[in-house]
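Just so you know, these numbers use all the heavy atoms, side chains as well, and skip hydrogens, waters and symmetry mates.
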Amino acid sequence: MKAGEATLQKILNTSRQFIIPIYQRNFSWEKKQFKQLWTDIQRASKFTRERTHFIGSIVYIDMGTPAGRPQQLMLIDGQQRLTTLSLLLCALKRYVQKNDVETNLIKTKKIDNQFLLNSDETDDDKYKLLLNAQDRETYIKLLEQTEFTVNTPSKRIMNCYEYFYQQIEKCADDLNSIFLGILNLSLVAISLDKDKDNPQLIFESMNSTGKDLAQSDLLRNYLLMDLSTREQNRLYTTYWKPMEDAFGQYAYLEKFDYFIRDFLTIKQNNGHICKVNDVYEQFKRYYIEQNLTKEDILKEIFIYAKYYAAIELDREKDKDLRMYWRQIRMIDCHVAYPFFLQLYHDYEQKNLAKEDFILIIKTTISYIVRRAICEIPTNSLNKTFAVFYNKINKQDYVNSVLKEYILKTAYRAFPTDYEVREKLQTKDIYHFRLKNYLLEMLENYYHKEPIDIVRDNYTIEHIMPQSPELNMTWQKMLGENWREVQKIYLHTLGNLTLTGYNSEMGNKSFEEKLNGENGFKHSHLKLNQYVASCEAWNKKSIQQRTSLLTDLILKIWSYPVFKNK
């Protein structure tokens with residue numbers, strides 16, 4: 001290992017190329033990091049030539065210099081800051097060129113030749129920095145000023161470029177200071193010997209806190225880093241890149257760690273659920289204990305990633321399953337994902353029929369919804385679903401699942417019809433976390449063309465108004481105990497409905513809400529049919545509507561009934 005301090009100009013102002021290996025994460029810095037770098041540059045712009053501002057380190061392996069080509073340097077660590085600085089310089093060059101404001105210090109060719117391009121080279125050798133597959137096209141197109149031709153640009157690459165271009169515009173009268181600040185930045189450049197140093201150990205020690213890298217980034221590096229370049233490319237393009245594509249840029253960054261946690265919950269098969277921040281260490285332990293090849297484990301991850309994407313990311317192709325996965329997302333049923341992933345695998349392997357798969361999903365939804373209605377604590381559910389699959393009898397698959405649900409007791413019990421009905425008599429549905437889902441499903445039970453509350457701009461309407469001082473018309477309709485009736489039944493199921501005209505109804509009388517231009521009698525929503533049939537709205541009508549809707553709830557989210565063989 002060789003280490004030395006150097007300026008950005010010294011690092012880049014030669015015929016060399018820093019290559020981001022395919023196993024490295026995508027560019028992931030955000031505005032917080034951009035802003036800090038910009039502040040550092042502004043501070044460094046005031047330094048004398050003898051003083052520099054240290055911004056971190058880069059670690060690379062010298063892969064040698066092929067005949068007639070730039071020196072090849074594989075960048076092990078520091079790609080985020082080197083990419084960000086290159087995008088800043090790209091933005092500065094573009095601004096100077098566009099506005100024709102070159103100075104003695106800042107010239108576009110100088111920026112190209114010293115920081116961005118190996119001007120005498122062609123094809124990929126032309127670029128001093130070569131990003132990984134996900135970011136490469138966007139970065140190169142920015143350098144070539146043709147980014148508008150990219151079909152799916154890297155959002156974070158573009159965000160970085162646009163941020164710095166905007167900052168440069170604000171400092172247009174002082175471009176020389178910006179450039180001086182860049183020249184005064186310094187890094188520690190650490191060169192590894194590819195035959196003597198262990199890049200994986202060095203990489204882990206430099207990222208041991210896990211703050212800079214996602215767990216899945218560490219995992220990918222662990223699986224691919226020490227392989228030959230050819231093998232890295234084969235495994236990455238066969239398994240990892242398709243997973244990145246299936247998840248998409250945002251979901252890969254935000255959800256892939258959670259997928260790996262669920263994958264480990266399945267594979268460890270002991271009911272243990274690790275914390276997301278411990279995924280990498282748990283994965284290494286599992287991989288070593290199982291004595292798997294890297295291709296074996298990548299293949300397994302790839303298979304379950306497809307299932308996860310179908311469930312969580314709306315990638316399901318089967319329209320029936322897609323409908324139920326949407327419900328799973330609406331009720332935020334992440335705790336059951338390890339269970340669903342195992343079921344999905346059996347379904348894909350033809351060991352579980354589609355109708356049985358759907359019945360189990362529906363029963364699981366009922367279990368979650370009924371427990372939520374009955375206000376049963378959810379802290380046991382992680383463990384419940386982590387070990388559920390172990391209790392399935394594959395000879396009587398679906399009935400063994402239903403039996404397991406029925407036999408659950410105490411805090412894991414499946415609430416009965418009686419318990420749900422009792423709870424709904426006076427339950428505050430308006431502040432219930434599943435209120436939108438509940439009302440949407442009740443409405444859609446009768447529809448071949450289902451509504452979507454968010455898409456169709458529906459809101460929840462209190463039939464009896466929320467105003468603490470109801471007008472005399474309402475007081476008379478509700479009776480002398482109107483305050484008590486309002487207090488008890490205001491937010492209950494029977495007093496809530498859906499409308500597209502919430503702001504127009506407000507505290508109007510029931511007659512106006514019923515017969516107005518946009519009143520309940522003119523509504524095409526099934527939820528409003530009972531309301532439209534009422535001549536008055538009071539305690540009795542609210543209770544009757546609650547009872548009718550509860551009957552429907554018990555049908556939609558039904559108690560398990562064994563399937564006849």
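The number of heavy-atom neighbours closer than 6.0 Å to NZ of Lys403, taken from other residues, nucleotides and ligands shown, is 12 or below. Around the NZ atom of Lys354, the shell of radius 6.0 Å holds more than 12 heavy atoms that belong to other residues, nucleotides or ligands. In the displayed structure, Tyr250 atom OH is contacted under 6.0 Å by at most 12 heavy atoms of other residues, nucleotides or ligands. Applying the 6.0 Å contact sphere to OH of Tyr258 captures no more than 12 heavy atoms from other residues, nucleotides or ligands. In the displayed structure, Lys408 atom NZ is contacted under 6.0 Å by more than 12 heavy atoms of other residues, nucleotides or ligands. The 12-atom threshold is exceeded at NZ of Lys427, counting heavy atoms of other residues, nucleotides or ligands nearer than 6.0 Å.
Side-chain contact check for Thr238 versus Arg234: some heavy-atom pair is nearer than 4.5 Å. Taking the side chain as every heavy atom from C-beta outward, Phe283 and Ile301 approach each other to under 4.5 Å. Counting only heavy atoms from C-beta outward, the side chains of Phe259 and Tyr304 approach each other to under 4.5 Å. The side-chain heavy atoms of Ile358 and Asp320, taken from C-beta on, include a pair separated by under 4.5 Å. Using a 4.5 Å cut-off on side-chain heavy atoms (C-beta onward), Gln33 and Gln80 make no contact. Within the 4.5 Å cutoff, side-chain heavy atoms of Ile360 are placed close to those of Phe339. Residues Asp314 and Trp325 have side chains not in contact (no heavy-atom distance under 4.5 Å, counting atoms from C-beta outward). The closest side-chain heavy-atom distance from Leu381 to Ile368 is below 4.5 Å.
Between the side chain of Asp318 and the main chain of Leu321, a donor-acceptor pair closer than 3.5 Å is present. Checking side-chain atoms of Ser154 against main-chain N and O of Asp135 turns up no donor-acceptor pair under 3.5 Å. Put simply, the side chain of Arg370 gets close to the backbone of Trp557: a donor and an acceptor are under 3.5 Å apart. No side-chain donor-acceptor contact under 3.5 Å links Trp474 to the backbone of Glu469. Judged by distance alone, the side chain of Glu30 and the main-chain N or O of Asn159 form no donor-acceptor pair under 3.5 Å. Under the 3.5 Å distance criterion, the side-chain polar atoms of Asn528 are matched with a main-chain donor or acceptor of Leu498. Between the Glu295 side chain and the Leu235 main chain, no donor and acceptor come within less than 3.5 Å of each other. Of the possible polar contacts, one joining the Arg371 side chain to the Tyr411 backbone as a donor-acceptor pair under 3.5 Å is found. Between the Gln232 side chain and the Met225 main chain, a donor and an acceptor come within less than 3.5 Å of each other. Listed for the Gln36 side chain is no donor-acceptor partner under 3.5 Å among the backbone atoms of Lys32.
Using a 4.0 Å cut-off between a side-chain N of Lys or Arg and a carboxylate O of Asp or Glu, Lys299 and Asp296 do not qualify as a salt bridge. One finds no salt bridge joining Arg329 and Glu312 here, because no Lys/Arg side-chain nitrogen approaches an Asp/Glu carboxylate oxygen to under 4.0 Å. In this structure, Glu281 pairs ionically with Lys284, as a charged nitrogen and a carboxylate oxygen lie closer than 4.0 Å. Ion pairing of Glu316 with Arg326 is absent here, as no side-chain N (NZ or NE/NH1/NH2) approaches a carboxylate O to less than 4.0 Å. At a threshold of 4.0 Å, the pair Lys555-Asp551 does not count as salt-bridged, since none of the basic side-chain nitrogens sits closer than that to a carboxylate oxygen. The existence of a salt bridge linking Glu419 and Lys423 is excluded, since no basic side-chain nitrogen approaches an acidic carboxylate oxygen closer than 4.0 Å. Look at Glu300 and Lys267 and you find a salt bridge, because one of the NZ, NE, NH1 or NH2 atoms lies within 4.0 Å of a carboxylate O, short of that distance.
The closest side-chain donor-acceptor pair between Asn26 and Tyr252, if any, does not fall under 3.5 angstrom. For the 3.5 Å distance criterion, the side chains of His462 and Gln466 qualify, holding a donor opposite an acceptor. For the 3.5 Å distance criterion, the side chains of Tyr236 and Asn132 fail to qualify, holding no donor opposite an acceptor.
The distance from the CG atom of Asp257 to the CG atom of Asp278 is 11.5 Å, given to the nearest 0.5 Å. Going from atom CG of Leu224 over to atom CD of Glu231 covers 9.0 Å, rounded to the nearest 0.5 Å.
Ring planes of Trp537 and Tyr530: perpendicular class, angle over 60° (limits at 30 and 60°). Ring planes of Tyr405 and Phe414: perpendicular class, angle over 60° (limits at 30 and 60°). Between Tyr286 and Phe263, the ring planes lie perpendicular to each other; the angle is over 60°, past the 30° to 60° tilted range. Using the six-membered ring where Trp is involved, Phe27 and Phe34 have ring planes that are parallel, under 30° apart on the 30 and 60° scheme. Between Tyr307 and Tyr344, the angle of the ring planes stays under 30°, which puts this pair in the parallel group of the 30/60° scheme.
Here the rule is side-chain contact (heavy atoms from CB on, under 4.5 Å) with Ile373, and of Thr550, Leu493, Leu424 only Leu424 fits it. The side-chain contact (heavy atoms from CB on, under 4.5 Å) test with Glu461 is passed by exactly one of Thr499, Val531, Leu527, Asn495: Thr499.
Cation-pi contact between Lys35 and Tyr163: absent, since separation from the ring centre below 6.0 Å together with deviation from the ring axis within 45° is not met. Cation-pi geometry between Lys435 and Tyr430 is met: under 6.0 angstrom from the ring centre, within 45 degrees of the axis.
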